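Only a predicted model underlies this, so the values are computations on that prediction, with no experimental measurement involved.
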Amino acid sequence: MSKPLTKSYVNATDPSHPIQEDLVLYELFERARKRGVVGEVVNLETNRRFTTTEILVKADGYAKGMLALGLIPGEDTFAVIGCSTIEAVNVFTACSAIGVAFAHPYIYMPKDVSITNTLPLMEPKAVMVGEGASGTTFTSFLKFFNEFEESPKSDKLPFIEHIFYDNSHNDRAPAHRCLNPLSQLTEIGKSVSDKQLKEAKKSVKPEYRLHHLFSSGSTGKPKCIAHSHYSLTNELMLLRSDNLKPMLALNPNIDELPGYTCVAWTLIGKVSKCVFIPDINANMSSDDTATVVIQGVIKEGVEYLSVPGAMNNMIKSYVSKNKIDFPAMKIFLNGAQIVSRGYKENLKRLFSGKALTLYGMSEAGVIGTSSFGDTEEDEEARMQARLIVKSNTQLRIVDSNDEVVDIGKDGMVHVKTYSRLKEYRKQEQLTKDLFTEDGFLKTGDMGVMYEDGTFIIKGRAVDAIRFRVLGGVVYPGPIEEAMSQHPAIDDISVIAGNTNDYYGDELTYCIKLKAGVEKPSEEDLLEYGEAHELNEMQRPCRLIYMEKLPYTDNSLKISKKRLRETVHEMIAKDSKTGLCDWYKEFMVTLGEH
């Protein structure tokens with residue numbers, strides 16, 4: 001940037017890489033096919049693998065079946081739950097070919113509740129269902145349908161007209177008469193000609209819904225995020241390189257967004273091979289999962305780790321414990337969350353390569369990335385998690401009045417981007433409330449911008465903790481990341497445990513200990529935090545130990561809202577709950593003054 005910024009606003013317009021207004025996803029697949037690009041998708045869970053050529057051929061058969069069933073491009077949805085990753089990829093490709101929207105929601109426990117929370121938001125006309133790694137998804141779904149009816153009949157899911165089953169996890173034919181094997185979808189499609197399929201592909205519009213994603217928000221209530229072809233295809237084109245070496249990706253049964261991004265990159269020739277980790281379930285320990293993943297990384301020649309920090313940490317722990325010679329990576333994600341410098345340095349010692357930080361959200365895709373450069377300055381910026389605004393995106397940091405703040409001041413991150421969601425399905429007001437009057441999306445994250453236009457994320461606005469006596473604002477992310485590495489801690493969440501007008505928010509560590517370990521002393525935890533770069537502002541005022549921490553309804557993350565409610569009730573009953581000795585002394589000192 002030629003001139004230092006004084007205000008926290010960047011317009012990253014890139015004339016050399018303009019937005020393509022008329023782009024649809026299958027067009028990118030066809031371009032790669034015409035160039036003769038052949039990639040591969042591998043599932044480490046089942047050891048099944050398909051070339052991109054095989055995927056496109058099989059997808060054409062499925063797409064014909066969808067047309068024969070009467071699914072309307074631009075209107076109808078095909079959903080996948082509990083199915084083999086490879087077959088889900090084939091259906092995803094088929095849907096994108098003819099403009100039928102696709103969905104692969106994560107089905108959390110209890111599964112019957114999850115199914116009735118997510119599917120009605122999309123109202124899919126057709127569903128492909130399988131056992132899933134846990135073996136219960138199929139059973140939970142089928143209980144909503146009459147076993148003896150020839151076609152699907154359900155009070156809870158009345159919109160479903162066609163059900164196909166995938167038995168990749170468990171080779172059995174279900175008894176329900178309304179179900180068809182997945183092979184039947186191809187058989188039905190034989191009534192549709194190649195010409196009709198070609199015409200359907202040509203008719204797909206960029207504004208058609210392509211993919212439904214789900215976000216729990218802060219409460220766990222699912223939000224169905226609909227992205228268009230225009231949004232996601234332009235997002236995929238951000239990756240400029242072609243034919244990158246194999247990439248380890250998250251299984252779509254765990255999180256669909258990163259999984260299908262890597263699939264699409266493979267189908268358009270950006271990545272040579274997409275290798276999926278196993279679908280994590282109760283039947284596999286973390287060591288079992290790590291063994292399969294590490295063996296797969298070595299066997300498949302993986303050079304890029306596109307998996308979140310928790311998976312990287314699991315690999316790191318297993319490799320260190322078993323003294324495995326892990327191959328060097330070129331790039332690995334250190335996580336989308338805020339992580340400490342020490343955490344990145346530990347991963348870098350194992351993985352080598354560039355420790356890349358991505359910042360984004362399901363509603364807007366990638367918003368910022370670390371520098372990919374090779375200089376010492378680039379490496380230092382990566383360690384600091386300084387982010388560069390992605391191409392053709394406007395980003396600003398604003399105060400409570402939506403006024404752009406000066407460089408170096410905290411504020412809310414707003415973004416205006418081509419890759420924003422099309423809508424929250426069936427939540428019109430929520431969609432409207434997400435945007436400012438001038439079209440910026442409100443991320444809900446707090447950040448700070450530097451003079452060169454790079455920025456960092458400090459944390460969620462709703463999670464900000466303000467301890468007035470010491471001044472400033474503390475965010476949970478860096479504390480949770482540092483303290484989660486403590487050998488006695490199994491799980492940790494940091495909240496404001498108590499608030500009053502004089503002190504402000506009391507920083508509270510809520511801790512679940514590992515089984516069989518002794519409770520660490522306050523002194524031990526303070527020394528550990530200091531050794532891991534936590535300052536006095538990040539010291540706990542209260543330490544509260546719990547048998548378990550409350551999670552959101554989809555079981556993906558700790559519910560801070562529920563945790564705050566629980567802790568506030570505990571403190572209301574006993575004001576001394578969890579008070580740290582240093583804080584007691586501190587309050588006495590304050591009282592003397």
Side-chain angles (χ1 to χ4, degrees), residues 216-221 338 459-532 534-553 555-593:
S216 66
S218 59
T219 64
K221 183 178 179 181
I338 301 168
R460 297 291 293 169
V462 294
D463 294 334
I465 300 167
R466 295 169 175 83
F467 187 44
R468 288 182 182 155
V469 179
L470 293 180
V473 179
V474 175
Y475 295 93
I479 303 172
E480 292 167 349
E481 177 49 48
M483 298 307 297
S484 66
Q485 308 304 309
H486 190 285
I489 293 177
D490 183 50
D491 213 350
I492 181 170
S493 186
V494 176
I495 62 169
N498 193 33
T499 300
N500 63 59
D501 293 338
Y502 186 49
Y503 300 120
D505 300 331
E506 293 176 343
L507 193 66
T508 302
Y509 292 8
C510 299
I511 296 172
K512 176 190 173 188
L513 295 174
K514 292 179 180 176
V517 303
E518 290 186 11
K519 184 187 296 184
S521 67
E522 176 187 325
E523 184 180 4
D524 172 56
L525 290 178
L526 292 177
E527 288 179 356
Y528 188 88
E530 186 177 349
H532 288 74
L534 298 184
N535 59 39
E536 67 170 11
M537 279 280 294
Q538 296 167 308
R539 288 181 301 174
C541 299
R542 295 179 187 262
L543 287 169
I544 296 181
Y545 293 90
M546 310 176 79
E547 290 187 8
K548 62 180 181 179
L549 302 181
Y551 271 68
T552 54
D553 289 341
S555 305
L556 284 177
K557 61 182 180 181
I558 293 170
S559 171
K560 289 188 181 289
K561 179 182 178 182
R562 292 174 180 172
L563 184 58
R564 281 192 290 265
E565 290 170 352
T566 300
V567 169
H568 290 169
E569 288 175 4
M570 294 170 66
I571 294 173
K573 290 179 182 177
D574 180 0
S575 62
K576 296 180 180 179
T577 298
L579 280 176
C580 292
D581 291 336
W582 80 265
Y583 183 51
K584 292 176 187 176
E585 295 174 6
F586 184 72
M587 287 192 293
V588 170
T589 303
L590 283 177
E592 291 174 351
H593 290 80

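- The distance from the OG1 atom of Thr566 to the NZ atom of Lys561 is 12.0 Å, given to the nearest 0.5 Å.
- Looking at Asp490 and Lys512, a side-chain N of the basic residue comes within less than 4.0 Å of a carboxylate O on the acidic one, giving a salt bridge.
- For Asp463, the side-chain contact (heavy atoms from CB on, under 4.5 Å) partners at least two apart in sequence or on another chain are Arg460, Pro476, Lys560, Arg564.
- Remark: Glu523 CD to Asp581 CG distance equals 10.0 Å, nearest 0.5 Å.
- Listed here is the closest heavy atom pair of Asp505 and Ala464: OD2-O, 4.0 Å.
- Considering CG of Asp491 and CE of Met546, their distance stands at 11.0 Å, rounded to 0.5 Å.
- Proximity of Ile511 to His486: side-chain heavy atoms (C-beta onward) are nowhere separated by under 4.5 Å.
- If you take CG on Leu563 and OG on Ser493, they are separated by 5.0 Å, rounding to the nearest 0.5 Å.
- The neighbour count for Lys584 NZ, taken as heavy atoms of other residues, nucleotides or ligands under 6.0 Å away, is above 12.
- Under the side-chain hydrogen bond (donor to acceptor under 3.5 Å, both in side chains) criterion, Lys514 pairs with no residue at all, not counting sequence neighbours.
- Considering only residues two or more places apart in sequence or on other chains, Ser521 meets the side-chain hydrogen bond (donor to acceptor under 3.5 Å, both in side chains) condition with none of them.
- Counting only heavy atoms from C-beta outward, the side chains of Cys580 and Cys541 never approach each other to under 4.5 Å.
- Here Glu522 pairs with nothing under the side-chain hydrogen bond (donor to acceptor under 3.5 Å, both in side chains) rule; sequence neighbours left out.
- Annotation: side chain of Leu534 is in contact with side chain of Met483 (closest heavy-atom distance under 4.5 Å).
- Remark: Glu530 CD is loosely packed, at most 12 non-hydrogen atoms of other residues, nucleotides or ligands lying under 6.0 Å away.
- Note: Met537 CE to Leu507 CG = 8.5 Å, rounded to the nearest 0.5 Å.
- Side-chain polar atoms of Glu480 and Tyr509 form no donor-acceptor pair below 3.5 angstrom.
- Of the listed residues (Ile558, Val567, Val494, Ile492), just one forms a side-chain contact (heavy atoms from CB on, under 4.5 Å) with Cys510, and that residue is Val567.
- Using a 4.5 Å cut-off on side-chain heavy atoms (C-beta onward), Tyr583 and Glu506 make contact.
- Formation of a donor-acceptor pair under 3.5 Å by the Thr508 side chain with backbone atoms of Gly497 is found in this model.
- Every residue two or more places apart in sequence or in another chain was checked for a side-chain hydrogen bond (donor to acceptor under 3.5 Å, both in side chains) with Gln538, and none qualifies.
- Here CG of Asn498 is found 12.5 Å from CE of Met570. Values are rounded to the nearest 0.5 Å.
- For Tyr475, there are no ring pair (Phe, Tyr, Trp, His ring centres under 6.0 Å) partners two or more places apart in sequence or in a different chain.
- No side-chain heavy atom of Pro540 sits less than 4.5 Å from a side-chain heavy atom of Ile479.
- The minimum heavy-atom distance linking Asp574 with Thr577 is given by the pair O-OG1, 2.7 Å.
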